[in-house]
Novice: 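My questions all concern the structure below.
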Amino acid sequence: MTDPVNVLVAVAWPYASGSRHIGHLAGAYLPADIYARQQRLAGNRVLMVSGSDVHGTPIAVRAEAEGVTPQDIVDRYHGEIVQQWEQLGISWDLYTTTGTEHHARVTQEMFLTQLENGHIDKRTSDQFFDPEVERFLPDRYIEGECPHCGYGDARGDQCDNCTRTLDPTDLLNPRSKLSGATPQKRETEHFFYRYSDFNDKLRDYLEDKSDWRPHVVNFARGWLEDEGLLDRAITRDIDWGIDIPVDDLGPGKKIYVWYDAVIGYLSASQEWAASDRNSSGDADAWKDWWENPDSRHVYFIGKDNIPFHALFWPAQLMGAGNLHLPDSIPANQYVTFKGDKVSASRAVGNTIAEMLEVFEPDSLRFALSAALPEQADTDISAEEIARRINEELVATWGNLVNRVLSMVNKNCDGQVPDTPGSAPEDLELLASIDQSFIEASAQFEQAELKAALRTAMKSAQAANGYLNATEPWKLQKTDPVRASEVLHTALSAINGTRVLFAPFLPFTCGRLDEILGEPSGWARDELVAGTPIDKPTPMFAKVELAAEEENSA
RNA sequence: GGCGACGUAGCUCAGCUGGUAAGAGUGCUCGACUCAUAAUCGAGAGGUCGUGGGUUCGAGUCCCACCGUCGCUACCA
């Protein structure tokens, strides 16, 4: 066994502006949780952190529209998100928000360090302003007629009709999305992060990342071609956000959400270390991950986040001193729902809440795990989820456990028999299960979780095949001793396979822990003879979709 | 417009740095079995690997063009 590694499992920060959907779940949160659980079983020290991103224009604008405070909006959705993590069994070491005082302080400290290091400077630029609501407008909040296709509701950054990229000044008859007023150009002063200082270092950094997924590393490298990263403003004209730690700019300005949100990985690690969730009690424990070159940082994000995590965040870290850079960014592609991109706004059966009404958590986790968009966009539907559950999870794994536990209960006095088998087929089955651990380890190492799930399924199939070949229900009548050897072997196979499934199916594997005992680690343990085996109840129920779901989903 | 990824059996997907006669699950057909949630196991049928060129002794795998899908394009996050 190798020494434990400190693994940081960093997960994209969900924006607390609305409900999350299964695209988010399959894209980042579920794979992160599966990976973290396996790494813990493998004996590594895992720190899995994230939180709700609470700042930014959309939340401020929405609050204004509803006549409530931004914090009200945040509380509503943060609460909903946290509850869903609970229901789904997402095993955070800490799930916090960017709204804490601690996070603000860490952000400000990092800002000051980078300022001192000469990577932040002040610049003046023109920005559109809505005179009616007295607010500076992001490009997206300016609408007008597209100069290319004449579409009337083109946004300042892009025309939804002809998909061309625009600049707000391109729009004919521009108007504010907020009030309809004609935007005015106003001069405004902001702090800029000198991302261009880091182009060479970033190229070096990405040099040895050829084992990353092609769409991740190619995309990141593409940004660095030609002139590379440009300097970007990291403050905004808005009153909802983190205070700038120097007051040169005057009031009405805050730190830009994207600059602060990624700092959450660091601030949340520190918050965890100082909290009672950290059993060591050492408030400096976060340094074992962030100031330790031997630690491993894995970022689970959707593909829309690649530039921020592969480029901007590393550049911010480089400018702040000696902090650990991302080692791996297994960004997922998108889940599509019957061919369409999943979006919470389109409603119809694809928010996490709606899915949880129809499917049990482990069943949903299984179906999504089997369809993770690791290489390419992956299409899914309620019928497909139900099929995965009924034809694969229930039939192969659920039924295997049920048939073996039933036979042991009936034929072995309701307890684990003390009759390990040593026939060639017995040894062969268990050897193949043990081999699966090695195979799955390599797959987890590469964050190929779909493949790891297939490895677990293969083990279940091997055990099913073994039972069909040995037929213990017949042996029971002719050779009861051999029958109990076969059942011991089959139960041993389950004892290993349930560990292979544990990262994916925490709830039902937890029920098996209660029966068979907690696994000692990422391996198949020997059975303890005499352990009581009651008549089992099925772990998973088959699902039947209502006709309505089939039509709408 | 620019950039990137993808386009492989009915369906959902694997195929790493080019090399045994193209894979998995599911579905379909046939057979075995009946311990088990009408579950399981075995066998079989099913693909000119988007299209057209090129490189190579050899390409699903590399290059070019085209078609299609999706994403990103830095002031939404």
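By convention in this document, chain letters (A, B, ...) are assigned in the order of the sequence lines, proteins followed by strands, and residues within each chain are numbered from 1.
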Novice: What I want to find out is whether A/Glu392 reaches A/Arg388 closely enough, with some N-O distance under 4.0 Å, to be called a salt bridge.
Specialist: yes
Novice: Could you please name the option among B/rG71, B/rC13, B/rC33 that lies closest to any side-chain atom of A/Glu471?
Specialist: B/rC33
Novice: Calculate the interatomic distance between A/Leu372 atom CG and B/rA24 atom P; express it in whole Å.
Specialist: 21 Å
Novice: So what does A/Pro472 touch, heavy atoms closer than 4.0 Å: a base, only the sugar-phosphate, or nothing?
Specialist: nothing
Novice: Return the value, rounded to whole Å, for the distance between atom CD of A/Gln476 and atom C1' of B/rA36.
Specialist: 15 Å
Novice: List for me each residue that meets ring-ring contact (aromatic ring centres under 6.0 Å, His included) alongside A/Phe366, sequence neighbours excluded, and say none if there are none.
Specialist: none
Novice: Using a 4.0 Å heavy-atom cut-off across all strands, classify A/Lys410 as base, sugar-phosphate, or nothing.
Specialist: sugar-phosphate
Novice: B/rU12 phosphate, OP1 or OP2: any side-chain N/O from A/Lys450 under 4.0 angstrom?
Specialist: no
Novice: Kindly point out which of B/rA74, B/rU12, B/rC75 is positioned nearest to the side chain of A/Thr378?
Specialist: B/rU12
Novice: Roughly how far apart, to the nearest Å, are B/rG47 and B/rG15 at atom C1'?
Specialist: 14 Å
Novice: How close or far is atom C1' of B/rC76 from atom OH of A/Tyr256, stated in whole angstroms?
Specialist: 7 Å
Novice: Does the side chain of A/Thr98 pick up a donor-acceptor pair with the side chain of A/His103 at under 3.5 Å?
Specialist: no
Novice: If you take the centroid of each ring, where Trp contributes its six-membered ring, are A/His309 and A/Phe300 closer together than 6.0 Å?
Specialist: no
Novice: Mind calculating the distance between CG (A/Asn399) and P (B/rU34) to the nearest angstrom?
Specialist: 16 Å
Novice: When the P atoms of B/rG10 and B/rC6 are compared, how many Å lie between them, rounded to an integer?
Specialist: 22 Å
Novice: Taking only the side-chain heavy atoms of A/Lys542 (C-beta and beyond), determine which of B/rA77, B/rU37, B/rC41 contains the nearest atom.
Specialist: B/rU37
Novice: At 4.0 Å (heavy atoms only), tell me whether A/Tyr195 reaches a base, stays on the sugar-phosphate, or touches nothing.
Specialist: nothing
Novice: Before we go on, tell me: are the rings of A/Phe312 and A/Trp223 under 6.0 Å apart, centre to centre?
Specialist: yes
Novice: Pick out which of A/Arg175, A/Lys177, A/Arg140 makes a salt bridge (charged side-chain N to carboxylate O under 4.0 Å, His left out) with A/Asp153.
Specialist: A/Arg175
Novice: Categorize A/Leu400 for me: base, sugar-phosphate, or nothing, with a 4.0 angstrom heavy-atom threshold over every strand shown.
Specialist: nothing
Novice: Between A/Val404 and A/Val257, who's closer to the 5' end of RNA chain B by nearest nucleotide?
Specialist: A/Val404
Novice: Compare the minimum distances between each of B/rA36, B/rC41, B/rU37 and the side chain of A/Asn468, then state the nucleotide with the smallest one.
Specialist: B/rC41
Novice: So what is the 5' to 3' dot-bracket string for RNA chain B, if pairs are Watson-Crick or G-U wobble with both distances under 3.5 Å, crossing pairs use [ ] and | means the partner sits on another strand?
Specialist: (((((((..((((.....[...)))).(((((.......))))).....(((((..]....))))))))))))....
Novice: Please identify each residue that fulfils ring-ring contact (aromatic ring centres under 6.0 Å, His included) with A/Phe191, with sequence neighbours left out.
Specialist: A/Phe111
Novice: Measuring only the C1' atom in each nucleotide, how far is B/rC67 from B/rG52? A whole number of Å is fine.
Specialist: 11 Å
Novice: Only one of A/Leu491, A/Leu487, A/Val408 passes side chain to side chain contact (heavy atoms under 4.5 Å, CB included) with A/Val416; say which it is.
Specialist: A/Leu491
Novice: If we take the P atom in both B/rC16 and B/rA77, what is their distance in whole Å?
Specialist: 39 Å
Novice: Scan A/Gly228 against the nucleic acid and name what it touches under 4.0 Å (heavy atoms): base, sugar-phosphate only, or nothing.
Specialist: base
Novice: Suppose you measure atom C1' in B/rA22 against the same atom in B/rU37; what distance do you get, rounded to whole Å?
Specialist: 36 Å
Novice: Judged by each residue's nearest nucleotide on RNA chain B, which is more toward the 5′ side, A/Pro58 or A/Arg403?
Specialist: A/Arg403
Novice: Suppose you measure atom P in B/rU17 against the same atom in B/rC63; what distance do you get, rounded to whole Å?
Specialist: 11 Å
Novice: Need one value for A/Phe128: base, sugar-phosphate or nothing, where a base atom within 4.0 Å counts as base even if backbone is also close, heavy atoms only.
Specialist: nothing
Novice: Is the number of heavy atoms from other residues, nucleotides or ligands within 6.0 Å of CD (A/Glu428) greater than 12?
Specialist: no
Novice: Does A/Ala26 offer a backbone N or O that forms a donor-acceptor pair with the side chain of A/Asn332 under 3.5 Å?
Specialist: yes
Novice: Can you tell me if A/Asn468 uses its side chain to pair, donor with acceptor, with the backbone of A/Gly465 under 3.5 Å?
Specialist: no
Novice: For A/Lys535 and B/rA36, give me the distance from atom NZ to atom P, rounded to whole Å.
Specialist: 8 Å
Novice: Polar atom pairs between nucleotides 1-8 of chain B and protein, under 3.5 Å, N or O only, would you list them?
Specialist:
unit_1, atom_1, unit_2, atom_2, d
B/rA5, OP1, A/Asn218, ND2, 2.8
B/rA5, O2', A/Gln333, NE2, 3.3

Novice: Hey, does the Lys NZ or Arg CZ of A/Arg236 hover above the aromatic six-ring of A/Tyr256, less than 6.0 Å from the centre and inside 45° of the axis?
Specialist: yes
Novice: Within the 4.0 Å heavy-atom criterion, would you say A/Ala395 contacts the bases, only the backbone, or no part of the nucleic acid?
Specialist: sugar-phosphate
Novice: Take the angle between the ring planes of A/Trp313 and A/Tyr265 and call it parallel below 30°, perpendicular above 60°, tilted in between.
Specialist: tilted
Novice: For a quick check of understanding: with a heavy-atom distance under 4.0 Å over all strands, which category does A/Phe136 fall into, base, sugar-phosphate or nothing?
Specialist: nothing
Novice: If we take the C1' atom in both B/rG46 and B/rC30, what is their distance in whole Å?
Specialist: 15 Å
Novice: Given atom CG of A/Asp379 and atom P of B/rC13, what is their separation to the nearest angstrom?
Specialist: 6 Å
Novice: How many Å lie between CZ on A/Arg221 and C1' on B/rC72, as a whole number?
Specialist: 18 Å
Novice: Which value, in whole Å, describes the distance between the P atoms of nucleotides B/rC57 and B/rU12?
Specialist: 39 Å
Novice: Anything under 3.5 Å between a protein N or O and an N or O of nucleotides 25-29 of chain B, put it in a table, one pair a line.
Specialist:
unit_1, atom_1, unit_2, atom_2, d
B/rG25, O2', A/Glu392, OE2, 2.8
B/rU26, O4', A/Arg387, NH1, 3.3
B/rU26, O2', A/Arg387, NH1, 3.1
B/rG27, OP1, A/Glu391, OE1, 2.9

Novice: Could you tell me whether A/Trp223 contacts a base, only the sugar-phosphate backbone, or nothing, with contacts defined as non-hydrogen atoms closer than 4.0 Å?
Specialist: base
Novice: Restricting to side chain to side chain contact (heavy atoms under 4.5 Å, CB included), what partner residues turn up for A/Glu425, sequence neighbours left out?
Specialist: A/Ala423, A/Tyr466, A/Thr470, A/Arg482
Novice: What is the separation between atom CD1 on A/Ile301 and atom P on B/rC72, rounded to the nearest whole Å?
Specialist: 13 Å
